[in-house]
There are 2 protein chains.
Amino acid sequence: MGSFLGALLGVKTALPGHATLESCAFKAKNVMKTTAKPTQRKRDPSGPSRATLVEVAEAAGVSASTVSRILNGTARVSSDKRKAVEKAIADLNFTPNVLAQSLKRGQSMTIGVVTPALDSPFFNETLKGIEAGLAGSGYAALIVSGHWNPEEEAERVALLMARKVDGIIMVSGNIPDDQIVRFSEQVPIVATGHGCEADNARAIRVDNVWGGYRATRHLIELGHRQIAHIAGMPNLQDANDRLVGYKHALEDARIPFDEALVVQGDFRESGGMLCANQLLDRGVPFSAVFAANDQTAYGARLAFYRRGIRVPEDISLIGFDDLPGSLYTTPPLTTMRQPVYEIGHMAAGAVLGLITNKPFKLEQPQVELMIRETTRRLR
Amino acid sequence: MGSFLGALLGVKTALPGHATLESCAFKAKNVMKTTAKPTQRKRDPSGPSRATLVEVAEAAGVSASTVSRILNGTARVSSDKRKAVEKAIADLNFTPNVLAQSLKRGQSMTIGVVTPALDSPFFNETLKGIEAGLAGSGYAALIVSGHWNPEEEAERVALLMARKVDGIIMVSGNIPDDQIVRFSEQVPIVATGHGCEADNARAIRVDNVWGGYRATRHLIELGHRQIAHIAGMPNLQDANDRLVGYKHALEDARIPFDEALVVQGDFRESGGMLCANQLLDRGVPFSAVFAANDQTAYGARLAFYRRGIRVPEDISLIGFDDLPGSLYTTPPLTTMRQPVYEIGHMAAGAVLGLITNKPFKLEQPQVELMIRETTRRLR
DNA sequence: CTGTTAGCGCTTTCAT
DNA sequence: ATGAAAGCGCTAACAG
């Protein structure tokens, strides 16, 4: 087998069953410009699939209605016709056009989902739950991102409604509750991280105040008294609630609240890192940090690492959310677990219930303290 | 303000502007069972929106075609009629029914996206790129998950075709290339992490062999000679290619390949952790590890931490992908960066090009070594 | 410039 | 049990 260096010297070498390696030598130029060949979009009747119900009917020698009835089990059909139709369907590789069905039936069999971010591990967990909750229902999810922007979120909702989604799930986001309620006059909405309730709107939200309280209290129970807090995204109720919980825990422990120990983060790693540095630079001593979410905690963790501050030996750190990755940070992160997947699942069940007018259950999901290895008793 | 402990003792307290805290005391029972009230689904003409184009036409005293023409800018319309129509549209809060438009035009203005996992930071970066690439095009993305299962992926494609998506983006996945090509006879497909090429199919894939080579070579350049590899998901070409690159780098450095230094991972943290332990337990010494992807590296990192092995002091570790989180591990992970976002963006551009028959560029995205803090020169 | 007409592919009375 | 006919809401010739 030719050597790599050989390739670099211009000697052609090939790998068994793999792309040639010579590209390595010409990395910078290894550009395959492809231009679309003018390919005709075919609407070729003999081609695979793309048959219509009427064509099936003709092939089977029956009327369109009969085919439709068989497809939907709407009425009894004699078994010979049924067979003929089934054969025709198979022969023509027919699949009903969902668009046409939707138009006719007045429902699109799709649920709109608006998430604040497509690349957040937190919201993706929710999406996964939604997907699971929708599985087998015949409903598909149309996922769009509002990019944390209230106007864009509203715009997205409009887009979803134009596409005639049968229901909407709002995953957190910055859109005001009353606007959600207004939207819900048009289409059923279930919102997580919101507090709205209306005829056609439901909300699922954990008790963030309690969560913030519990997290802080955990630190207090470990003997910490100088506890910093890196807050979450401003104006986001979830974040504010956690701060409120933090204050209450301090109060209950008769620890005076110190403004200098609270900094405004943004729910992201970069913010967490910045804030931790800020905190450190202020010179006000602290032995523990409650980060408003796990991503913030990750950032703070790195800031400490950079300054040679050990976690948990020197500083205890607790997060909020329990992202999948928090099990694998070094050391694994102590955090308040939110059952995000379950929330998504429940939200899906709720929209479906709202749409089909069937009863469903909506319980408040519980946050839970996950003690791992970033918090320790103050010596 | 009432104290928390007060609440626990049954004294009612309320927070200004926030949920009462008493729920804390009754955590286990804090269950709000909600049953759907039988809400009538309204098709109320006077209600907000839900007007049809014909209704607009009537209200404006023109024909439906005129309204349509104004909506789509298909032809000139006298300004008085235009004004009347615009007023009617505003009055009735009219939005065109995309479903009806789609049925008529024969295109749904939606792109199907099948991803192997909804909760993978790697694929979500791609999704984000796709979303950005689609932004402003009028196309929406219908995202479905194939759960790493080839059958399910095929099923998902069928579902997307039934919904008449105008194009499909396959984000990696286990579905065989020739099946993708077959599907592409029905609808344009762009696949990342695949090698298929056909009239209506394009593929975007980085040079994983080169990536594996470069990663390993980085370790070699640092003086390492006993280099372990935690491989990726079996049967996945990307993973195999990286292994091939690894072998070649060893070969070029005249380091004999040692089977005992290669273990089969699964691209996930848990697998990485398991594999690292396996490696350690084998007793074959090594000073560096090339993990097939970042998630694997995270797992390995934790395994080392658990055994008191320091990274990079005792063992150097390099990953592959450069997930957003890799900037914030402790220490930040040295890795091969894949421009995942760009790949998604490019894929979106490519489907759009395929659909509209416009030229587009498809360049092979380059992987790049990101030297951070988990690798160091062997003393 | 604008209205009329004819569907897109499917479902659903209404007869038979 | 089955077919004919009438649309769902919109667009696109085709005539004026």
Side-chain angles (χ1 to χ4, degrees), chain A residues 41 43 45 49-86 88-89 92-110 138 161-166 186, chain B residues 41 43 45 49-86 88-89 92-110 138 161-166 186:
Chain A
R41 288 271 268 146
R43 165 76 180 113
S49 187
R50 202 117 302 196
T52 76
L53 181 143
V54 178
E55 286 164 6
V56 171
E58 279 166 2
V62 299
S63 77
S65 342
T66 302
V67 179
S68 173
R69 285 194 263 258
I70 291 175
L71 246 36
N72 305 298
T74 321
R76 313 187 65 76
V77 175
S78 72
S79 68
D80 48 332
K81 296 208 189 249
R82 153 165 273 122
K83 284 223 184 76
V85 169
E86 273 162 0
I89 289 179
L92 281 75
N93 189 9
F94 165 79
T95 318
N97 182 332
V98 178
L99 253 39
Q101 292 182 312
S102 300
L103 180 57
K104 184 65 204 180
R105 300 207 255 237
Q107 48 173 34
S108 60
M109 300 305 286
T110 112
M161 297 204 298
R163 284 181 174 258
K164 294 289 177 275
V165 295
D166 300 326
Q186 318 238 55
Chain B
R41 289 270 269 144
R43 165 77 180 111
S49 187
R50 200 115 305 193
T52 77
L53 181 145
V54 178
E55 286 165 7
V56 171
E58 278 166 3
V62 299
S63 79
S65 344
T66 302
V67 180
S68 172
R69 284 192 265 259
I70 291 174
L71 245 38
N72 305 297
T74 321
R76 313 187 65 77
V77 175
S78 72
S79 68
D80 48 331
K81 296 209 188 249
R82 152 166 274 120
K83 284 222 185 74
V85 170
E86 274 162 0
I89 289 179
L92 281 74
N93 189 9
F94 164 79
T95 318
N97 182 331
V98 178
L99 253 37
Q101 291 181 312
S102 300
L103 180 59
K104 180 69 204 176
R105 296 192 181 138
Q107 48 172 39
S108 60
M109 299 307 284
T110 113
M161 298 204 298
R163 283 180 175 259
K164 295 287 177 273
V165 295
D166 300 326
Q186 317 238 54

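The figures here come from the full heavy-atom set of this structure, side chains too, leaving out hydrogens, waters and symmetry mates. Convention: sequence-line order gives letters A, B, ...; per-chain numbering from 1.
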Checklist outcome for this item: Asp166(A) atom CG is separated from dC8(D) atom C1', nearest whole Å, by 14 Å
Checklist entry - Which is it for Leu71(A) and Ser68(A) under the side-chain contact (heavy atoms from CB on, under 4.5 Å) test, yes or no, and what are the steps along the way? => result CA-CA 5 Å; Leu71(A) 246 36; Ser68(A) 173; 5.5 Å; no
Checklist outcome for this item: Result for 5'-nearest mapping on DNA chain C, choosing between Val77(B) and Thr74(A), is Val77(B)
Checklist entry - Run the side-chain contact (heavy atoms from CB on, under 4.5 Å) check on Leu92(A) and Glu55(A) step by step: do they pass? => result CA-CA 9 Å; Leu92(A) 281 75; Glu55(A) 286 164 6; 4.1 Å; yes
Next on the checklist: Without decimals, in angstroms, what is the distance between Glu55(B) CD and dG9(D) P?
Outcome noted: 8 Å
Checklist entry - Between dG7(C) atom P and Leu53(B) atom CG, what is the distance in whole Å? => result 20 Å
Checklist outcome for this item: Taken to the nearest 0.5 Å, the spacing of Arg82(B) CZ from Arg76(B) CZ works out to 8.5 Å
Checklist entry - Are OP1 or OP2 of dC8(C) and a side-chain N or O of Thr52(A) less than 4.0 angstrom apart? => result no
Item to check | For atom CG of Leu103(B) and atom P of dA6(C), their distance in whole Å | outcome: 18 Å
Checklist entry - Within the modelled atom types, does a donor on one side and an acceptor on the other bring the side chain of Lys104(A) and the base of dG7(D) under 3.5 Å apart? => result yes
Next on the checklist: For dC10(D) and Gln101(B) - does any side-chain N or O of the residue sit under 4.0 Å from the phosphate oxygens OP1/OP2?
Outcome noted: no
Checklist entry - Can you tell me how far the CG atom of Asn97(B) sits from the OG atom of Ser102(A), to the nearest 0.5 Å? => result 9.5 Å
Next on the checklist: Expressed as a whole number of angstroms, how long is the span from Lys81(B):NZ to dC1(C):C1'?
Outcome noted: 9 Å
Next on the checklist: Between Ser108(B) and Lys164(B) (side chain of the first, backbone of the second, donor and acceptor by atom type, cut-off under 3.5 Å), is there such a pair?
Outcome noted: yes
Checklist outcome for this item: With five pairs defining each end axis, the helix from dC1(C)-dG16(D) to dT16(C)-dA1(D) comes out bent, to 10°, by 40°
Item to check | Which residue lies more 5' along DNA chain C, comparing Asn97(A) with Val62(B) via nearest heavy atoms | outcome: Val62(B)
Checklist entry - Of the non-hydrogen atoms in Val62(A) and Lys81(A), which two are nearest, and what is the gap between them? => result CG1-CD, 3.8 Å
Next on the checklist: Contact list please: residues 64-71 of chain A against DNA chain D, heavy atoms, distance less than 4.0 Å, in numerical order.
Outcome noted: Ser65(A), Thr66(A), Arg69(A)
Item to check | Value in whole Å for how far the P atom of dC10(D) lies from CD of Glu58(B) | outcome: 12 Å
